[in-house]
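Everything numeric in this text was worked out from a predicted model, so none of it was measured. In what follows, every chain begins at residue 1, and chains take the letters A, B, ... in the order their sequences are listed.
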2 protein chains.
Amino acid sequence: MGILRKTKSVEIVVKQFDKDSSAISVITLVERLNSDMNKTTVYRILNKLEDDGVVHSFLGKNGHKWYAKCNNCSSTKHHDVHPHFQCITCGKVDCLDINVHIPEIPNRNVEIAQVLLQGQCDACIKN
Amino acid sequence: MGILRKTKSVEIVVKQFDKDSSAISVITLVERLNSDMNKTTVYRILNKLEDDGVVHSFLGKNGHKWYAKCNNCSSTKHHDVHPHFQCITCGKVDCLDINVHIPEIPNRNVEIAQVLLQGQCDACIKN
DNA sequence: TCTTAAATACAACTAAGTTGCAAATATAGT
DNA sequence: ACTATATTTGCAACTTAGTTGTATTTAAGA
Ligand SMILES: [Mn+2]
Ligand SMILES: [Mn+2]
Ligand SMILES: [Zn+2]
Ligand SMILES: [Zn+2]
């Protein structure tokens with residue numbers, strides 16, 4: 001069940017993804033919004049926003065949860081499945097607009113491919 | 001720093017991977033070996049076995065740690081990087097002996113590709 | 001404005017994984 | 001085989017991401 005009421009807290013959370021096209025970890029979000037709302041609220045709002053197709057989630061390199069804005073998803077259709085890239089130097093995480101081809105696996109029916117690439121981002125290569 | 005002494009506990013842990021070619025989650029291992037050793041010991045031995053190139057680790061769908069036997073790795077060379085498959089029905093996890101091609105990403109230097117495929121395994125498709 | 005279902009804060013909880021330290025034990029040297 | 005000692009283990013306490021229950025607050029329709 002998604003979001004039913006446009007509360008102040010919901011607005012604040014959504015705004016975080018508007019100003020930043022990168023993904024944001026829940027840990028960061030909880031810390032950043034610490035003075036605005038309780039961490040439980042952050043978790044619950046993100047959960048609902050994902051139901052609504054406003055954001056999508058995935059796990060970063062330590063298994064911690066990250067969220068990023070969806071592009072054209074809805075509560076009925078979440079077609080936002082793509083690889084993510086995490087910089088091992090600065091920690092920044094981005095959605096990748098590429099298609100990783102998964103070969104057919106014998107005797108297995110692959111439904112989801114979760115791909116996390118790690119390396120150095122543009123800014124960190126230059127330093 | 002890897003394993004220096006062949007203790008009873010080490011033997012028991014290694015044996016788990018000998019009899020089962022599938023990956024094993026740490027959670028399962030801790031539970032299974034509960035009467036043999038402390039959970040701290042399980043964590044520490046697995047950590048050392050990975051240093052030695054005996055096993056390798058990765059994160060399953062909930063971000064929990066899994067281990068599987070290495071094929072021809074050593075403490076100096078861990079060339080055991082491959083996708084893993086987790087059955088969403090029975091939970092079983094296997095190493096995949098396939099190569100997923102990662103395309104070049106502009107402005108990024110990809111060093112590691114962590115691929116977790118999810119779907120149905122052979123046994124679960126048939127049921 | 002009133003009503004009420006949804007949302008929130010807060011505190012308590014769960015569980016995976018880690019750390020510090022004292023006790024136990026594997027192994028090399030004698 | 002005995003001893004010395006560095007490694008390993010058990011145990012308890014801790015850390016932290018994430019969840020849950022519940023009383024209170026609030027959005028929004030009537
Ligand atoms: Mn994304
Ligand atoms: Mn593997
Ligand atoms: Zn970077
Ligand atoms: Zn299965």
Side-chain angles (χ1 to χ4, degrees), chain A residues 1-17 23-68 75 84 86 91 93 114 116, chain B residues 1-17 23-68 75 84 86 91 93 114 116:
Chain A
M1 185 195 59
I3 287 190
L4 300 183
R5 294 183 183 178
K6 287 269 168 65
T7 66
K8 205 112 191 183
S9 296
V10 170
E11 262 187 274
I12 293 173
V13 172
V14 171
K15 203 185 301 171
Q16 306 305 312
F17 295 94
I24 316 174
S25 73
V26 180
I27 296 172
T28 298
L29 229 28
V30 166
E31 192 177 19
R32 187 191 293 174
L33 304 179
N34 171 44
S35 56
D36 294 303
M37 69 196 76
N38 190 270
K39 71 168 175 173
T40 313
T41 307
V42 177
Y43 277 99
R44 291 203 258 232
I45 288 176
L46 288 169
N47 193 38
K48 289 177 184 174
L49 287 175
E50 185 161 29
D51 275 353
D52 289 337
V54 176
V55 297
H56 61 278
S57 71
F58 56 94
L59 302 182
K61 70 167 146 56
N62 301 126
H64 293 157
K65 212 163 190 184
W66 288 71
Y67 282 88
S75 55
H84 294 94
Q86 181 158 25
V93 177
Q114 193 186 110
L116 179 68
Chain B
M1 187 194 60
I3 286 191
L4 299 184
R5 295 183 183 179
K6 286 270 168 65
T7 65
K8 204 113 191 182
S9 297
V10 170
E11 262 187 274
I12 293 172
V13 172
V14 172
K15 204 186 300 174
Q16 307 305 311
F17 295 95
I24 316 174
S25 73
V26 180
I27 296 171
T28 299
L29 230 26
V30 165
E31 192 177 17
R32 187 191 293 174
L33 303 180
N34 172 45
S35 56
D36 294 303
M37 70 196 77
N38 191 268
K39 72 168 174 174
T40 313
T41 306
V42 176
Y43 277 100
R44 291 200 264 230
I45 288 176
L46 289 169
N47 193 38
K48 289 177 183 175
L49 286 175
E50 183 162 31
D51 275 354
D52 289 336
V54 177
V55 297
H56 60 278
S57 72
F58 56 94
L59 302 182
K61 70 167 147 52
N62 301 126
H64 293 158
K65 213 164 190 182
W66 289 70
Y67 282 88
S75 55
H84 294 95
Q86 180 157 26
V93 176
Q114 192 186 110
L116 179 69

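Residues satisfying the side-chain contact (heavy atoms from CB on, under 4.5 Å) test with N38(B), not counting sequence neighbours, are T40(B), T41(B).
Nearest-nucleotide mapping onto DNA chain C: of T40(A) and R44(B), the residue sitting toward the 5' end is T40(A). Nearest-nucleotide positions on DNA chain D place V42(B) closer to the 5' end than the other of V42(B) and K65(A).
Remark: I12(A) CD1 to L29(A) CG distance equals 11.0 Å, nearest 0.5 Å. A distance of 6.0 Å separates NZ of K65(A) from CG of N47(A), quoted to the nearest 0.5 Å. Atom NZ of K61(A) and atom CH2 of W66(A) lie 8.0 Å apart (nearest 0.5 Å). To the nearest 0.5 Å, the span separating NE2 on H64(A) from OG1 on T28(A) amounts to 11.0 Å. Of the inter-residue distances, the one linking I3(A) atom CD1 with I45(A) atom CD1 reads 6.0 Å to the nearest 0.5 angstrom. With rounding to the nearest 0.5 Å, the separation of NE2 in H84(B) from CD in Q114(B) is 9.5 Å.
When every heavy atom of V55(B) is checked against every heavy atom of L46(B), the shortest pair comes out as CG2-O, 4.1 Å.
In the helix from dT1(C)-dA30(D) to dT30(C)-dA1(D), the end axes, each obtained as the rotation axis mapping the C1' atoms of four pairs onto the next four within a five-pair block, lie 30° apart to the nearest 10 degrees.
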So which protein N/O to nucleotides 2-8 of chain D N/O distances come out below 3.5 Å?
residue	atom	partner	partner atom	Å
dA6(D)	N3	R5(B)	NH1	3.4
dA6(D)	N3	R5(B)	NH2	2.9
dT7(D)	O4'	R5(B)	NH2	3.2
dT7(D)	O2	R5(B)	NH1	3.3
dT8(D)	OP1	L4(B)	N	2.9
dT8(D)	OP1	R5(B)	N	3.2
dT8(D)	OP2	K48(B)	NZ	2.9

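Separating the CG atom of N38(A) from the C1' atom of dA17(D) is a distance of 14 Å, rounded to the nearest angstrom.
In this structure, K39(B) reaches the bases: a heavy-atom distance under 4.0 Å links it to at least one base atom across the strands shown.
Contacts between residues 28-37 of chain A and DNA chain C, defined by a heavy-atom separation below 4.0 Å, involve D36(A), M37(A), listed by number.
For the side-chain contact (heavy atoms from CB on, under 4.5 Å) with Y67(B), the lone residue among E50(B), H56(B), Q16(B) that qualifies is E50(B).
Note that the first and last nucleotides of DNA chain C, 5' to 3', having any atom under 4.0 angstrom from a heavy atom of chain B are dA16(C) to dT27(C).
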Listing, residues 4-11 of chain B side-chain donor-acceptor contacts under 3.5 Å, not counting sequence neighbours, or none:
residue	atom	partner	partner atom	Å
T7(B)	OG1	V10(B)	N	3.3

